[in-house]
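Below: the structure, in structure tokens.
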Amino acid sequence: MKQTKKIISLLLVFVMVFSLTITANAAEKGSTVVNGTVKEVQKYGNLTMDIQPKTLYDVGYELGDILEVTIDDHVLEIPFCTSYSDVDTGSLVVRDDKEGDLLVVAINMGDFSTTYNVNVGDTLTFSLSEKEGYLGEYLLRQLTRTNTRSDYSTDSVFANFRNISTTGINPSILYRSSSPINNELGRAAYADKLAESVGINTVLNLADSEEEINGYIASENFNSEYYKSLYDEGNVISLYMGVDIAGEDFGKKLTKGLRFLNNNDGPYLIHCTEGKDRAGFVSAVLECLMGATLDEVVADYMTTYENYYKVEVGSEQHKSIAESNILASLTTVVCGLEKDSDISEVDLSKAAEDYLLKIGMTSTEINTLKVKLSVEIVVPEETAIEEPKIEEPIITEPVKEPEVKETDSEVTYYIVVSGDCLWNIAKTHLDNGTRYMEIYNLNKETIKNPELINIGQKLLLPTK
């Protein structure tokens with residue numbers, strides 16, 4: 001009898017705990033439901049709702065929560081965040097667009113409207129799926145960037161302008177940057193000046209239509225005359241690409257752009273608006289095609305985040321951003337594998353070639369592209385080249401120049417290598433990046449512009 005009572009008591013405890021769990025879950029799942037109507041389908045297929053983010057906050061939803069979004073027969077679990085980069089490439093996001101005070105439902109680097117057949121006037125229902133279910137990941141990805149030049153070490157860092165010098169690509173042939181024509185980020189004139197400095201001849205504009213380009217040129221604050229000269233000469237192709245890198249339209253336009261590259265001479269410049277997502281993906285495809293290692297591709301892609309957002313190399317944030325963006329894109333779009341598959345042993349050159357064949361290029365066109373990107377370009381001696389970061393040892397030599405005044409019998413020189421800029425040289429070898437102008441002042445006879453230096457230049461370094 002006592003044993004029976006004990007069993008009954010245990011069962012009652014279990015039922016009570018189970019009931020409380022169900023009640024708690026029901027309270028969470030049964031939170032206030034919010035309905036919204038699609039007010040606009042944006043350029044890249046993102047949905048703008050007729051309700052503001054405040055509506056969600058008012059019923060208790062917070063950034064980092066996972067929301068349940070219902071559209072017709074689709075029931076989707078989507079994190080509530082502020083930026084597209086808060087989620088992986090190809091993932092869903094409900095955005096608090098703080099700049100426009102808009103509630104946006106989107107796919108990062110995808111087309112939500114087309115994917116789920118949603119149009120203006122359709123109704124979406126929002127409810128809470130999991131409180132703080134995405135909070136840890138959301139906090140990890142928070143990035144801040146300014147559009148003030150003085151917040152950046154050099155013009156090239158500010159404009160996100162650099163050459164691509166990964167394995168197989170001639171370091172004087174291919175460049176990437178933020179937009180030298182669209183000045184919404186305040187970087188156009190800087191990118192334009194740098195493009196002129198390295199003698200850019202052909203431009204792949206991934207972001208804009210011809211109508212948009214003409215609008216930029218007609219604006220009062222237009223200050224990109226070099227870009228305009230290339231555009232007037234027919235050396236700029238406007239591709240007006242969306243951000244759905246896995247979509248058919250993106251592939252067709254990329255094929256069109258690469259054929260334009262094949263039919264024109266370098267040096268070449270690839271840009272979108274920030275020079276981050278579309279330009280980053282296209283650059284990665286070309287790097288893979290030409291034989292770059294996975295580490296090289298990731299390092300070049302992440303240089304943008306280091307430039308814009310001061311994300312530290314080796315940090316957990318750096319790793320997370322790489323995994324959720326360029327690694328995800330290479331894995332699913334270029335290699336055609338499931339997300340999170342290991343691609344460390346994949347032949348990326350072959351994968352890139354297969355991808356280009358898939359989107360419409362021919363083997364002959366791909367071979368021509370390879371020749372174009374490996375061809376030697378003659379750069380005038382006074383033109384400088386800036387490239388991604390590779391450290392080299394300092395070289396010391398006996399004093400040979402009579403104008404050098406040193407009390408010791410030796411002075412320190414540095415040989416410029418791929419990826420150097422004066423700021424990084426000063427930071428690495430003088431322990432202070434702000435001393436880069438000291439290096440410039442000591443080497444004015446060979447450095448025409450402190451923003452740009454040549455591979456192979458021998459620079460005299462000030463005392464540490």
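Throughout, numbering of the chain's residues begins at 1 and tracks the sequence.
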**Prompt:** Is the distance between the ring centroids of Tyr440 and Tyr436 under 6.0 Å?
**Reply:** no

**Message:** Counting only heavy atoms not in Lys54 (residues, nucleotides, ligands), do more than 12 fall under 6.0 Å from its NZ?
**Reply:** no

**Request:** To the nearest 0.5 Å, tell me how far Phe161 CZ sits from Leu269 CG.
**Result:** 6.0 Å

**Asked** Distance only, no hydrogens: is a donor on one side chain within 3.5 Å (strictly under) of an acceptor on the other, for Ser178 and Asn160?
**Response** no

**Prompt:** Between Asp300 and Arg162, is there a salt bridge with N-O shorter than 4.0 Å?
**Reply:** yes

**Prompt:** Is it true that a side-chain atom of Thr255 and a backbone atom of Ile359 form a donor plus acceptor pair closer than 3.5 Å?
**Reply:** yes

**Request:** Check the pair Asn221 / Ser219 against side-chain hydrogen bond (donor to acceptor under 3.5 Å, both in side chains), numbers first and verdict last.
**Result:** CA-CA 6 Å; Asn221 67 342; Ser219 64; 3.2 Å; yes

**Request:** Determine whether Lys228 and Phe222 make a side-chain contact, defined as any pair of heavy atoms from C-beta on separated by less than 4.5 Å.
**Result:** yes

**Asked** With distance as the sole test, does Asp122 use its side chain to make a donor-acceptor pair with the main-chain N or O of Val38 at under 3.5 Å?
**Response** no

**Request:** Find out whether Val105 and Leu76 are in side-chain contact, i.e. whether some heavy atom of one side chain is under 4.5 Å from a heavy atom of the other.
**Result:** no

**Enclosure of Lys310 NZ (heavy-atom neighbours >12, cutoff 6.0 Å)** = yes

**Prompt:** Does some side-chain heavy atom of Asp86 sit less than 4.5 Å from a side-chain heavy atom of Tyr138?
**Reply:** yes

**Asked** Which heavy atom of Leu348 sits nearest a heavy atom of Cys335, and at what distance?
**Response** CD2-SG, 4.0 Å

**Request:** Give a yes or no answer on whether the side chain of Asp155 reaches the backbone of Tyr190 with a donor-acceptor pair at less than 3.5 Å.
**Result:** no

**Request:** Give, for atom NZ of Lys98 and atom CG of Leu63, the distance between the pair rounded to the nearest 0.5 Å.
**Result:** 5.5 Å

**Message:** Is the shortest side-chain heavy-atom distance between Glu184 and Ser179 below 4.5 Å?
**Reply:** no

**Message:** Between Leu103 and Thr55, does the side-chain contact (heavy atoms from CB on, under 4.5 Å) criterion hold? Intermediate values first, please.
**Reply:** CA-CA 9 Å; Leu103 186 66; Thr55 306; over 6 Å; no

**Request:** Using the side-chain contact (heavy atoms from CB on, under 4.5 Å) rule, take Arg145 and Leu185 through it: C-alpha gap first, then chi angles, then the decisive distance, then the call.
**Result:** CA-CA 11 Å; Arg145 181 194 71 203; Leu185 301 177; 3.4 Å; yes

**Message:** Test your reading of the model: is there a side-chain donor-acceptor pair from Asn183 to the backbone of Ala188, 3.5 Å cut-off?
**Reply:** yes

**Prompt:** Rounded to the nearest 0.5 Å, how far does CG of Asp58 lie from CD1 of Ile51?
**Reply:** 10.5 Å

**Request:** Could you tell me whether the side chains of Ser156 and Thr154 share a donor-acceptor contact shorter than 3.5 Å?
**Result:** yes

**Request:** Measure centre to centre between the rings of Tyr305 and Tyr309, then say whether the value is under 6.0 Å.
**Result:** yes

**Prompt:** With side chains defined as the heavy atoms from C-beta onward, is the minimum distance between Asp249 and Tyr240 less than 4.5 Å?
**Reply:** no

**Asked** How long is the gap from CD on Glu306 to OG on Ser315, to the nearest 0.5 Å?
**Response** 9.0 Å

**Asked** Would you say Asn35 has more than 12 foreign heavy atoms packed within less than 6.0 Å of its CG?
**Response** yes

**Thr146 backbone acceptor or donor facing Tyr152 side chain under 3.5 Å** = yes

**Prompt:** So do the side chains of Val41 and Phe112 get within less than 4.5 Å of each other, counting heavy atoms only?
**Reply:** no

**Asked** Can you check whether Tyr268 and Phe260 have ring centres sitting under 6.0 Å from each other?
**Response** no

**Prompt:** Applying the side chain to side chain contact (heavy atoms under 4.5 Å, CB included) test to Met241, which of Asp244, Leu239, Val243 qualifies?
**Reply:** Leu239

**Prompt:** For atom CD of Glu40, is the number of surrounding heavy atoms from other residues, nucleotides or ligands below 6.0 Å larger than 12?
**Reply:** yes

**Message:** I'd like to know if the side chain of Glu296 and the backbone of Thr167 have a donor-acceptor N/O pair within less than 3.5 Å.
**Reply:** yes

**Asked** Taking the side chain as C-beta and beyond, is there a heavy-atom pair between Val333 and Tyr355 under 4.5 Å?
**Response** yes

**Message:** Show, in sequence, the C-alpha distance, side-chain angles and deciding distance for Asn205 and Tyr231, and conclude whether the side-chain hydrogen bond (donor to acceptor under 3.5 Å, both in side chains) test is met.
**Reply:** CA-CA 10 Å; Asn205 181 332; Tyr231 181 64; over 6 Å; no

**Prompt:** Hey, is Arg187 close enough to Glu274 for a salt bridge, meaning N to O under 4.0 Å?
**Reply:** no

**Asked** At their closest point, which heavy atom of Asp277 faces which heavy atom of Cys272, and how far apart are they?
**Response** N-SG, 4.4 Å

**Prompt:** Backbone N or O of Gly280 within a donor-acceptor pair of the Ser283 side chain at under 3.5 Å?
**Reply:** no

**Message:** Given 3.5 Å as the limit, does a donor-acceptor pair link the side chain of Asn182 with the main chain of Thr273, or not?
**Reply:** no

**Request:** Under the side-chain hydrogen bond (donor to acceptor under 3.5 Å, both in side chains) rule, what do Ser129 and Glu77 come out as? Steps first, then yes or no, please.
**Result:** CA-CA 7 Å; Ser129 176; Glu77 292 196 343; 2.9 Å; yes

**Over all atoms of both residues, closest heavy-atom pair of Ile245 and Ser329** = CD1-OG, 3.3 Å

**Message:** If I take atom CZ from residue Arg141 and atom SG from residue Cys81, how far apart are they, to the nearest 0.5 angstrom?
**Reply:** 8.5 Å

**Request:** Return the minimal non-hydrogen interatomic distance between Asp192 and Tyr227, and the atom names on each side.
**Result:** OD1-N, 2.7 Å

**Asked** Which atom names give the shortest non-hydrogen contact between Asn262 and Lys372, and what distance separates them?
**Response** O-CE, 2.9 Å

**Fill in**
Value for CD1 (Ile181) from OG (Ser238), rounded to nearest 0.5 Å, stands at 11.0 Å

**Asked** Taking C-beta and beyond as the side chain, do Gln142 and Thr82 meet within less than 4.5 Å on heavy atoms?
**Response** yes

**Request:** Indicate whether the side chain of Thr293 and that of Asp295 have a donor and an acceptor atom separated by less than 3.5 Å.
**Result:** no

**Fill in**
Correct closest heavy-atom pair for Ala352 and Val285 would be CB-O, 3.7 Å

**Prompt:** Do other residues, nucleotides or ligands put more than 12 heavy atoms under 6.0 Å from Lys339 NZ?
**Reply:** yes

**Exceeds 12 heavy-atom contacts within 6.0 angstrom, atom CG of Asn214** = yes

**Request:** Test side-chain hydrogen bond (donor to acceptor under 3.5 Å, both in side chains) on Gln52 and Asp96 and set out the steps.
**Result:** CA-CA 8 Å; Gln52 295 176 311; Asp96 173 358; over 6 Å; no

**Message:** So does Asp340 get a backbone contact from the side chain of Glu323, meaning a donor-acceptor N/O pair under 3.5 Å?
**Reply:** no

**Message:** I'd like to know if the side chain of Asp50 reaches the main chain of Thr37, judged simply by a donor and an acceptor atom lying under 3.5 Å from each other, with no hydrogens or angles considered.
**Reply:** yes

**Request:** Quick one: do Leu330 and Leu294 satisfy side-chain contact (heavy atoms from CB on, under 4.5 Å)? Show the steps, please.
**Result:** CA-CA 10 Å; Leu330 290 176; Leu294 183 60; 3.8 Å; yes

**Message:** Taking CD in Glu233 as the centre, count heavy atoms belonging to other residues, nucleotides or ligands within less than 6.0 Å. Is the count above 12?
**Reply:** yes

**Message:** I'd like to know if Lys358 and Asp354 make a salt bridge, using a cut-off of under 4.0 Å between side-chain N and carboxylate O.
**Reply:** no

**Request:** Please check if atom CD in Glu210 has more than 12 non-hydrogen atoms from other residues, nucleotides or ligands closer than 6.0 Å.
**Result:** no

